[in-house]
There are 2 protein chains.
Amino acid sequence: MVTIDEVARRAGVGRTTVSHALSGNRHVAPSTRDRILAVVNELGYQPNAAARSLVSRRTMTVGLIIPLDLDILAENRYTDFIVGVGDRLNDHGYRLLCLIDRNPAPLDVQRLLRSNSVDGTLLLQVRTIDTRVEALVAEGRPFVTMGRPRDTTGIVRADGDFSTSAVTAVDYLTHLGHSQIGFVATGQDRMPMFGFQWYALQGFRRAHRLHHLPLHHSRIIYHERETEPSLEAALAPIFDGTLAVTALVTTTFVGAVLIMQLLNAHGWRVPEDISVIALGDPRNTMLPLPSITVVRFSVADLAREAVDLLVGMLEGRQPSRLEHLVPIELVIRGSTAPPAQLRLITTARVQTV
Amino acid sequence: MVTIDEVARRAGVGRTTVSHALSGNRHVAPSTRDRILAVVNELGYQPNAAARSLVSRRTMTVGLIIPLDLDILAENRYTDFIVGVGDRLNDHGYRLLCLIDRNPAPLDVQRLLRSNSVDGTLLLQVRTIDTRVEALVAEGRPFVTMGRPRDTTGIVRADGDFSTSAVTAVDYLTHLGHSQIGFVATGQDRMPMFGFQWYALQGFRRAHRLHHLPLHHSRIIYHERETEPSLEAALAPIFDGTLAVTALVTTTFVGAVLIMQLLNAHGWRVPEDISVIALGDPRNTMLPLPSITVVRFSVADLAREAVDLLVGMLEGRQPSRLEHLVPIELVIRGSTAPPAQLRLITTARVQTV
DNA sequence: TTGAAAGCGCTAACAG
DNA sequence: CTGTTAGCGCTTTCAA
């Protein structure tokens, strides 16, 4: 193993000079520096990360906390987040340490921070009420969430603008003539599980108020997990005719696909019998037929923004804002259409004329 | 920040005793140990990772090298690998450092290893000829590849059994009555780009020999990227009638989906006009209609095996074998059927009888 | 059963 | 412009 002393010896200088020649923290005579760099290149010297971080108190590493909810298909899209984060961290010269956890694990978060393994932390898949966020706050170290808990006090966060997403979805559906719209999310006891679903629900409610549409709570449909059986149970009121809806807003793209398969299995045609619109980023997901109308945002942009916020904090800059919301965009595809009875009327009219 | 000396002081012992009480490397009187652990708990002490690895020369961290080929949809499924690896590393008490790279980056690999940031390395998405593997070999540190390059000399590796996958696919297709089978892979100059495609091609060739089927090289179809335009160009001979095939073996599930969309767009029905069979793990991918017949294997098992091999090496155990192949399994779904003309004959017969 | 002391490789005062 | 020196927090000889 090549050490800084070895380089210094070969270059005929003190180790301080080598250190500064590499860090640029103080001026080194060009001739000396060239000699040092030549030796560094020749030996392939690379400063020992542990020694460096022990004394500098920085690891140049960021932790990404990834919860593992194996039956939640959202994991599908972790890649976009992980790759987006890693790629952007590279630009800033930081490394990426992934903490992948099966359990909620506030304790693992504590271990990670107290061992000084990372300078800062990013949090993925934030829940409406998230114990990991609390653990992070308690440690008092810089962190940024990708997604938002319900209570955002003092939290620096980047997220898709899910509230506006839901408003946009409802706007579009009402524009098509729908007024009985269902909202589907994972959750229990009238509380969505993930933060993005909570904010989407706020938007969903707000849109109903804006349009003076009545909204019965039964149209807010919770399912425990993003699995077929769980969704099947949650959607039962629709299939047995107890709940009347002409359109569904789903909070995930994967959920939309599952729901469409279920609808299909029960003999409902999309979009003829019921419209489906998804919120989220479908970039990496296969498009089933009919293709799904979606209010999307860029996960890559979200990742990039989160990293920039965190790195800024690590370099001592105050974040200019606590919250960054990535803009959303409505992509109209084949899973939405005017509700059945309206279409009939329209057809009749056209025939009349 | 709490240090070991602080703990020692509060517990009224020397720092050596604290160190051993925590590591278990030497016997500590139970009463002393309890006292120490109480203080540790009270203060939430966690040994500094840098200090520890500086002296112990171990980081308890494994590097995962993830290439970034943004237009290759295979990235879709990185999640399975990353999560599989991270989860298994947890079991062994190791951390996961992700090196996410846009470029081939043998240099980054060098930096990672020479800075002693990781004890060992895992490699993802191995190419048929892979410069990163060479860089890794040159460093002389433990590493395991997930996937195999063509030349496996001295490399410890875990992979899906793609050769057998391809044999199985051809077996099944010939069983259905096909004899003109195409093979689709990313690549150039008659060389598949990724190792798994190279091994699949070996199996594809072997199966033809076993079945005494002639195999013209034009049936091995290369496309530059896993994108629609690229595939469209590669499949042109099929669409313009120059190349006669009744079935296609694709080396990725995503490729199969794209191909089916293209076939559809050109008016070919699957499986009526042409059968499609995919190799790989479709766990996280949406099922389009018709659902795709696939020869699959478990990425989670692959990740687990790779981690176990690597950790074994890190703990000084010689790997019992250099190569571990995850078993494959044929899942028959809706994208395969007997070739068109055969079916007609069958139908005729039935009618005659 | 325990502690003192050395030193891992590096950065950054401090002193020339 | 450059070098000497003192640690960073820990593990591990070595000695008691």
Side-chain angles (χ1 to χ4, degrees), chain A residues 1-37 39-40 43-61 93 95 111-119 315-316, chain B residues 1-37 39-40 43-61 93 95 111-119:
Chain A
M1 174 189 196
V2 186
T3 70
I4 196 173
D5 283 327
E6 169 81 5
V7 174
R9 202 177 52 72
R10 292 234 203 178
V13 295
R15 74 154 72 136
T16 310
T17 310
V18 176
S19 177
H20 285 117
L22 288 175
S23 70
N25 280 347
R26 107 179 165 185
H27 188 75
V28 174
S31 61
T32 330
R33 207 195 42 227
D34 291 348
R35 198 149 29 96
I36 292 171
L37 292 183
V39 175
V40 164
L43 301 184
Y45 169 70
Q46 201 58 233
N48 180 301
R52 178 175 265 192
S53 83
L54 181 58
V55 60
S56 70
R57 296 164 162 287
R58 308 197 57 186
T59 59
M60 296 307 283
T61 302
R95 298 236 146 103
R111 254 203 289 277
L112 185 73
L113 296 188
R114 303 230 169 145
S115 65
N116 285 284
S117 299
V118 297
D119 297 335
E315 323 257 284
Chain B
M1 172 187 197
V2 186
T3 69
I4 197 172
D5 283 327
E6 169 82 4
V7 174
R9 203 177 52 72
R10 292 233 203 179
V13 296
R15 74 154 74 136
T16 312
T17 310
V18 176
S19 177
H20 286 118
L22 288 175
S23 70
N25 281 347
R26 105 179 167 188
H27 188 75
V28 174
S31 62
T32 331
R33 207 193 44 225
D34 291 349
R35 199 148 28 94
I36 291 171
L37 292 182
V39 175
V40 164
L43 301 183
Y45 168 71
Q46 201 59 232
N48 181 301
R52 178 175 265 191
S53 80
L54 181 57
V55 58
S56 70
R57 297 164 162 287
R58 308 198 55 188
T59 60
M60 296 308 282
T61 301
R95 297 236 146 103
R111 255 203 289 278
L112 185 73
L113 295 189
R114 301 232 169 142
S115 65
N116 284 284
S117 297
V118 296
D119 296 335

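So that the names make sense, note that chain A is the first sequence line, chain B the second, and so on, each numbered from 1.
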The side chain of [X] is closest to which nucleotide in this list: [options]?
| X | options | answer |
| --- | --- | --- |
| A:Tyr45 | D:dC10, C:dC10, D:dC1 | C:dC10 |
| B:His27 | C:dT2, C:dC8, C:dT1 | C:dT1 |
| B:Asn48 | C:dT11, D:dG3, D:dC10 | D:dC10 |
| B:Leu54 | C:dG3, C:dG9, D:dC10 | C:dG9 |
| A:Val13 | D:dC8, D:dG9, D:dG3 | D:dG3 |

Salt bridge between A:Arg58 and A:Glu315, side-chain N to carboxylate O under 4.0 Å? yes
What residues in residues 15-25 of chain B put a non-hydrogen atom under 4.0 Å from any atom of DNA chain C? B:Arg15, B:Thr16, B:Thr17
Could one point to a donor on the side chain of B:Arg26 or the base of D:dT12 with an acceptor on the other under 3.5 Å away?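 Side chain to base: no pair below 3.5 Å.
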Just how far, in rounded Å, is [atom2] of [N] from [atom1] of [X]?
| X | N | atom1 | atom2 | result |
| --- | --- | --- | --- | --- |
| A:Arg33 | D:dC1 | CZ | C1' | 13 Å |
| B:Arg9 | C:dA4 | CZ | P | 15 Å |
| A:Asp5 | C:dG7 | CG | P | 13 Å |
| A:Gln46 | C:dG9 | CD | P | 15 Å |
| A:Arg114 | D:dG9 | CZ | C1' | 17 Å |
| A:Ile4 | C:dC8 | CD1 | P | 14 Å |
| B:Arg35 | C:dT2 | CZ | P | 8 Å |
| B:Arg52 | C:dG7 | CZ | P | 22 Å |

Heavy-atom closest contact ([X] atom, [Y] atom, distance):
| X | Y | result |
| --- | --- | --- |
| B:Val40 | B:Leu22 | CG2-CD2, 4.2 Å |
| A:Ala51 | B:Leu54 | CB-CD1, 3.6 Å |
| A:Arg35 | A:Gly12 | NH1-O, 4.3 Å |
| A:Ile4 | A:Arg15 | CD1-O, 3.7 Å |

How does DNA chain C read in dot-bracket, base by base from 5' to 3', with Watson-Crick or G-U pairs under 3.5 Å and | used when the partner is on another strand? ||||||||||||||||
State, yes or no, whether a side-chain contact exists between B:Arg95 and A:Leu112 at a heavy-atom distance under 4.5 Å.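 Yes; the side chains approach each other to less than 4.5 Å.
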When you compare the side chain of A:Asp119 with that of A:Thr61, does any pair of heavy atoms fall below 4.5 Å?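 No, too far: nothing below the 4.5 Å cut-off.
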Nearest 0.5 Å please: distance from the [atom1] atom of [X] over to the [atom2] atom of [Y].
| X | Y | atom1 | atom2 | value |
| --- | --- | --- | --- | --- |
| B:Gln46 | A:Arg111 | CD | CZ | 6.0 Å |
| A:Ser117 | B:Arg52 | OG | CZ | 10.0 Å |
| A:Tyr45 | A:Met1 | OH | CE | 7.5 Å |

Give A:Ser53 one of three labels, base, sugar-phosphate or nothing, depending on what nucleic acid heavy atoms sit under 4.0 Å from its own. nothing
Pick base, sugar-phosphate or nothing for A:Arg57, based on heavy-atom distances below 4.0 Å to the nucleic acid. sugar-phosphate
Start at the 5' end of DNA chain C and walk down; is the nucleotide closest to B:Val28 or to A:Val2 reached first?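 Residue closer to the 5' terminus by nearest nucleotide: B:Val28.
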